[in-house]
Amino acid sequence: MSKIVSIHSFRGGTGKSNSTANLAALVARFGYRVGIVDTDIQSPGIHVLFGFDEQKMEHSLNDYLWGRCLIEEAAYDVTSILRKTGVKGGSIHLIPSSIKAGDITRVLREGFDFGLLNDGFQDIIETLNLDYLFIDTHPGLNEETLLSITISDILVLILRPDRQDFQGTAVTVEVARKLQVPKMLLLVNKALPVLDFDALKLQVEKTYNAPVAGILPLSEEMIQMASSDLFCLRFPEHPLSKVMEKVAKMITA
């Protein structure tokens, strides 16, 4: 059975797209067929992490939503990012959103058909025979994120050890419970290494009554990469990568 995994955060700047890309790549390395959809249409960017040349973006998610192409025509095989590592058979297909200013302003002005987006998710799963479809959502709560949460088999909520993040995440957790998401995982990102990670984990789990899949340390190496590559593939032995790998295994468990 294929599974839909939504990666979400209540606020921007949590490292959501970076986490989505790295988790999807790790799952693909386990030998699964993985798809990624960038539904952060207002501020797209996950394609940068895969070294995707925007000039080669013949079609995007926007084109599908506006009836210009089939959803599979906007899917690009980016399996080469794995550099032939991992279990044979794993693959990654990326459906990016348009980075063109005109396309972004059109979305902001006109919106799009959310029912068509849901149909697209199901079509791409079937057409590409995907095991997992990762959805990189737009921060906050709107119609698109509510749709993504509603149809998710697994919801990964990313937050920083920050009071504003804690408050916003509480709202999202409550919504996810009302929508009866089958599996919800919390991922704390950008935690200062001086913090007591065990105490932080207990605090977050007590606050939300939900499991913390991992705590990612704030990493200078990650910052220095500046989204030029997938961190977990470049530095597989780094403590951050080890936590990510643990989370990926929880997703596929």
Step by step, work out the side chain to side chain contact (heavy atoms under 4.5 Å, CB included) result for H138 and S97. CA-CA 12 Å; H138 184 67; S97 284; over 6 Å; no

From CA spacing to verdict: side chain to side chain contact (heavy atoms under 4.5 Å, CB included), L108, I104: CA-CA 6 Å; L108 294 173; I104 294 173; 4.2 Å; yes

Side chain to side chain contact (heavy atoms under 4.5 Å, CB included) assessment of L155 paired with L185: CA-CA 6 Å; L155 172 64; L185 301 172; over 6 Å; no

Side chain to side chain contact (heavy atoms under 4.5 Å, CB included) for M225 and L230? Distances and angles first, verdict last. CA-CA 9 Å; M225 277 184 60; L230 297 187; over 6 Å; no

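With sequence neighbours excluded, the residues forming a side-chain contact (heavy atoms from CB on, under 4.5 Å) with S152 are I4, S6, listed by chain and number. For N118, there are no side-chain hydrogen bond (donor to acceptor under 3.5 Å, both in side chains) partners, not counting sequence neighbours. Applying the ring-ring contact (aromatic ring centres under 6.0 Å, His included) rule to Y76 yields the partners F52; only residues at least two apart in sequence or on another chain are considered. Remark: Q203 pairs with no residue by the side-chain hydrogen bond (donor to acceptor under 3.5 Å, both in side chains) rule, at least two apart or across chains. For D119, the side-chain contact (heavy atoms from CB on, under 4.5 Å) partners are Y64, not counting sequence neighbours. The ring-ring contact (aromatic ring centres under 6.0 Å, His included) test applied to F30 returns no partner, not counting sequence neighbours.
A donor-acceptor distance shorter than 3.5 angstrom exists from the side chain of D38 to the backbone of G45, with no hydrogens or angles considered.
Connection of V171 to F166 is established within a shared hydrophobic cluster, with ILVMFWY side chains joined at heavy-atom distances below 4.5 Å, either directly or through further cluster members. When hydrophobic clusters are built by joining Ile, Leu, Val, Met, Phe, Trp and Tyr residues whose side-chain heavy atoms come closer than 4.5 Å, directly or via intermediates, L192 is grouped together with I223. Under the 4.5 Å side-chain heavy-atom criterion for grouping Ile, Leu, Val, Met, Phe, Trp and Tyr, I124 is connected to I151 within one hydrophobic cluster. Under a hydrophobic clustering in which Ile, Leu, Val, Met, Phe, Trp and Tyr are joined whenever their side-chain heavy atoms come within less than 4.5 Å, directly or via other members, F10 and I7 fall into different clusters. V37 and F50 are assigned to two separate hydrophobic clusters, defined by single-linkage of ILVMFWY side chains at heavy-atom distances under 4.5 Å.
In the displayed structure, Q42 atom CD is contacted under 6.0 Å by more than 12 heavy atoms of other residues, nucleotides or ligands. Within a 6.0 Å radius of CZ in R163, other residues, nucleotides and ligands contribute 12 heavy atoms or fewer.
With a 4.5 Å cut-off on side-chain heavy atoms, L141 and I149 count as touching. Counting only heavy atoms from C-beta outward, the side chains of V173 and V175 never approach each other to under 4.5 Å. With contacts defined as side-chain heavy-atom distances shorter than 4.5 Å, the pair H93/I36 does not qualify. You'll find the side chain of L65 reaches within 4.5 Å of the side chain of L61, heavy atoms only. In this structure the side chain of L159 never reaches within 4.5 angstrom of the side chain of T14, judged on heavy atoms. Annotation: side chain of I46 is in contact with side chain of L94 (closest heavy-atom distance under 4.5 Å). You'll find the side chain of P96 reaches within 4.5 Å of the side chain of M57, heavy atoms only. Looking at M184 and L157, their side chains come closer than 4.5 Å, going by heavy atoms from C-beta outward.
To the nearest 0.5 Å, the span separating CZ on R160 from CG on L218 amounts to 11.0 Å. Atoms CE and CG, from M222 and D229 in turn, are 10.5 Å apart once rounded to the nearest 0.5 Å. Between the NZ atom in K242 and the SG atom in C232 there is a gap of 10.0 Å [rounded to 0.5 Å]. With values rounded to the nearest 0.5 angstrom, I92 atom CD1 is found 11.5 Å from L130 atom CG. Between L216 atom CG and F197 atom CZ the span is 8.5 Å, to the nearest 0.5 Å. Between the CG atom in L26 and the OG atom in S241 there is a gap of 7.5 Å [rounded to 0.5 Å].
The list of salt bridge (charged side-chain N to carboxylate O under 4.0 Å, His left out) pairs with a residue in residues 63-77, not counting sequence neighbours, reads D63-R68. Under the ring pair (Phe, Tyr, Trp, His ring centres under 6.0 Å) criterion, the residue pairs touching residues 215-253 are F231-F235, F231-H238, with sequence neighbours excluded. A ring pair (Phe, Tyr, Trp, His ring centres under 6.0 Å) check over residues 95-129, counting only residues at least two apart or in different chains, returns the pairs F112-F114. Within the structure, the salt bridge (charged side-chain N to carboxylate O under 4.0 Å, His left out) test picks out the following pairs touching residues 136-159 (sequence neighbours left out): K16-D136. For residues 181-196, there are no side-chain hydrogen bond (donor to acceptor under 3.5 Å, both in side chains) pairs, not counting sequence neighbours. Residue pairs meeting the salt bridge (charged side-chain N to carboxylate O under 4.0 Å, His left out) criterion with at least one member in residues 199-221, sequence neighbours excluded, are K201-E205.
Smallest separation of non-hydrogen atoms from S19 and L187: OG-CD2, 4.3 Å. Shortest non-hydrogen contact noted between G15 and I158 is O-CD1, 4.4 Å. Nearest heavy atoms, P44 versus I41: CD-O, 3.4 Å. Summarising the geometry of G140 relative to T145, their closest heavy-atom pair is O-OG1, 3.4 Å, with the distance given to 0.1 Å. Closest of all the heavy-atom pairs between L200 and V188 is CD2-CG1, 4.1 Å. Here the shortest heavy-atom pairing between L128 and A75 reads CD1-CB, 4.2 Å.
Side chains of H8 and T137: a donor-acceptor N/O pair is present below 3.5 angstrom, by distance only. Side-chain atoms of N62 and S98 form no donor-acceptor pair, as typed in the model, at a separation below 3.5 Å.
With respect to D131 and R33, no salt bridge is recorded, no charged nitrogen being found less than 4.0 Å from a carboxylate O.
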